[in-house]
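Data block below; observations after.
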Protein chains: 2
Amino acid sequence: MAVEALSSYLLKADDASFHDQVYDALAEALTEGVFAPGQSVSLRTLASGLNVSPMPVREAVRRLIAEKALELQPSNKRLRVPSLSEDRLHQLAKARSWVEPELAAIAAIKATPELVDTLKEEDDTLMVALSKGDVEGYMKANHAFHFHIYKAAHADLFYDMARTLWLQTGPFMRVVFNKLGTVQLPRDHHQELIGAFAARDADTARKAMAEDIAEGMDLMVEAVRA
Amino acid sequence: MAVEALSSYLLKADDASFHDQVYDALAEALTEGVFAPGQSVSLRTLASGLNVSPMPVREAVRRLIAEKALELQPSNKRLRVPSLSEDRLHQLAKARSWVEPELAAIAAIKATPELVDTLKEEDDTLMVALSKGDVEGYMKANHAFHFHIYKAAHADLFYDMARTLWLQTGPFMRVVFNKLGTVQLPRDHHQELIGAFAARDADTARKAMAEDIAEGMDLMVEAVRA
DNA sequence: CCAGATGATGTGTGATCACAATTGCCGGTC
DNA sequence: GACCGGCAATTGTGATCACACATCATCTGG
């Protein structure tokens, strides 16, 4: 994977420290599947790719390791992107199937018309990407759709759990979606979700989100098995 | 809190890197409530308390921040132990009430006679501590009891979620228990759990664990509210 | 006697150097 | 041509230094 392209993920925010910026950049890159599962990376390579010294990268990476978005190979002590086992995928699916519906339910209660509008927009851009076969655009829009909801729940701990879970799911999501193509991508239950938020119906939101995730993860389990 | 006493938490394991040892030491100290909520700490202080340079402490602390066991004050950018809000406590309670019963259910299916024996022993030492009014002993034994179960589930992701949640619950658990004294400490549902593991009954294990946690967390919510 | 300025101390952050271990490459041997 | 030994480059880790900023104490001026 082109490490040189990493610098484009660095957004200028002078108030934030370097390692925070580096963390954000790497987190986004991982979530969007820039890195392949099993790919090995190195502090110095990342550092030069991001035009910073290895120091802030070390701290950002340490955090990503804590979140299991990266790992140190036990033998080498060398850095790499985790390759996903079917067992771990199942655990991720289970965890996501609990956390994210929960967030959806909380958000539904607190839902505002503004949120509903935003979600409609995000869903539109998602549909456009879907029809154009744009995998990257689909992933970005889908990510945005979900996390606008989660953010609206104002439940920091759950939000962060969801963020971490996506961080771990990201690297091979890309692989799976590239293999499948957008044709087979699920239509999701986004309309159902939007309706639930408009009606502030927590139960429907929870159920719709649960099904949305279950379908998506089933797709990945199938793809990984092959 | 006496930072000098920190070195006793450092267990000699030459194969592990310094920052791992430092992390383990700080994690255990946090789980056992050595640090008070809201207490501010510093890299150099911790480093000298652990007889290492600030470098490995930085990485260990970075990881603990990622796990929300420590935090950087937004104003100062200074390090401190998070003080717990009632809202966050509720989220912790909800998360624990899902993850840990789940782990108990998985562990029950895989339970061995050895596990049951170990749990019986742990419960005995817990009862002894309880009768002696030994808060610290109670907390250690309770921790050991729960995590022997979770370990037996062999579900890394869930195990780590539980570990992180305890890390966050630790600092003020001590405060609450000190305030309450061992007299009011819940008898727990440990016997029920042991029975479920002996019978490899997942549903009973899940239910018993759920009640165990619910009661414990209710106690803390009450104490925090006061 | 007290308030506000000023210095000293402590803080997190980042860069750089040193080091042991591992990896990868290149040339030589069988 | 395949295999193996040895050297160079790369890796993560830890220590140390420099810096900007916040905090706290002290001192000065009113």
Side-chain angles (χ1 to χ4, degrees), chain A residues 1-4 6-7 10-27 35 38-83, chain B residues 1-4 6-7 10-26 35 38-82:
Chain A
M1 188 61 51
V3 183
E4 315 83 59
L6 261 185
S7 58
L10 259 188
L11 19 132
K12 283 279 160 268
D14 345 357
D15 57 324
S17 51
F18 275 14
H19 67 249
D20 274 333
Q21 298 183 42
V22 169
Y23 173 82
D24 288 339
L26 293 179
F35 299 102
Q39 174 183 359
S40 68
V41 293
S42 89
L43 295 179
R44 289 173 176 84
T45 308
L46 292 174
S48 72
L50 289 162
N51 287 342
V52 293
S53 89
M55 197 67 233
V57 180
R58 277 165 72 167
E59 310 203 29
V61 161
R62 188 62 54 189
R63 182 172 167 192
L64 289 167
I65 293 175
E67 296 171 339
K68 300 197 177 300
L70 290 176
E71 69 179 8
L72 288 171
Q73 309 183 40
S75 52
N76 304 358
K77 306 278 184 186
R78 269 178 154 81
L79 203 58
R80 81 170 164 197
V81 182
S83 55
Chain B
M1 187 59 52
V3 183
E4 316 84 55
L6 261 185
S7 57
L10 260 188
L11 20 131
K12 284 280 160 266
D14 348 358
D15 57 325
S17 52
F18 274 16
H19 66 249
D20 272 335
Q21 298 182 42
V22 169
Y23 172 83
D24 287 339
L26 293 179
F35 299 102
Q39 174 183 1
S40 68
V41 293
S42 90
L43 296 180
R44 289 172 175 84
T45 308
L46 292 175
S48 71
L50 290 162
N51 287 342
V52 293
S53 91
M55 198 64 234
V57 179
R58 276 166 72 168
E59 309 203 33
V61 161
R62 188 61 54 190
R63 181 172 167 192
L64 289 167
I65 292 174
E67 296 171 339
K68 298 196 176 305
L70 290 176
E71 70 179 6
L72 287 171
Q73 308 183 41
S75 52
N76 303 359
K77 305 277 183 187
R78 270 180 152 80
L79 203 58
R80 81 170 163 196
V81 182

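Chain naming here is simple, since letters A, B, ... match the order of the sequence lines and numbering starts at 1 in each.
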Testing the basics here: between Leu70(A) and Pro82(A), what is the closest heavy-atom pair and its distance to 0.1 Å?
CA-CD, 3.8 Å

Protein-nucleotide distance (Leu43(B), atom CG; dG14(C), atom C1'), rounded to Å:
13 Å

Determine which pairs satisfy salt bridge (charged side-chain N to carboxylate O under 4.0 Å, His left out) with at least one residue from residues 48-57 of chain A, sequence neighbours left out, and list them in order.
none

Find the distance between CD1 (Ile65(B)) and CD (Glu71(B)) and round it off to the nearest 0.5 Å.
9.0 Å

How long is the line joining OH of Tyr23(A) and P of dT13(C), in whole Å?
15 Å

Is there a side-chain hydrogen bond (donor to acceptor under 3.5 Å, both in side chains) between His19(A) and Arg62(B) once you walk through the steps?
CA-CA 10 Å; His19(A) 67 249; Arg62(B) 188 61 54 190; 3.1 Å; yes

Could you tell me whether the side chain of Met55(A) reaches within less than 4.5 Å of the side chain of Val22(A), counting heavy atoms only?
no

dT10(D), OP1 or OP2 - any side-chain N/O from Ser42(A) closer than 4.0 Å?
no

Separation of dG14(D) P from Asp20(B) CG (nearest whole Å)
8 Å

What's the CZ-C1' distance between Arg62(A) and dT13(D), to the nearest Å?
9 Å

Sub-3.5 Å pairs of nitrogen or oxygen atoms, protein against nucleotides 15-19 of chain D:
unit_1	atom_1	unit_2	atom_2	d
dA15(D)	OP2	Ser53(B)	N	3.3
dA15(D)	OP2	Ser53(B)	OG	2.0
dA15(D)	O5'	Ser53(B)	OG	3.3

For dT10(D), does OP1 or OP2 lie under 4.0 Å from any side-chain N or O of Ser40(A)?
no

For DNA chain C, the residues among residues 65-82 of chain B that have a non-hydrogen atom under 4.0 Å from it:
Leu72(B), Lys77(B), Arg78(B), Leu79(B)

Close side-chain approach of Leu26(B) and Leu50(B), heavy atoms under 4.5 Å:
yes

Sidechain-backbone polar pair: Glu67(A) side chain, Ala66(B) backbone, donor-acceptor under 3.5 Å
no

Can you measure from CG (Leu43(B)) to CZ (Arg78(B)) and round to the nearest 0.5 angstrom?
11.0 Å

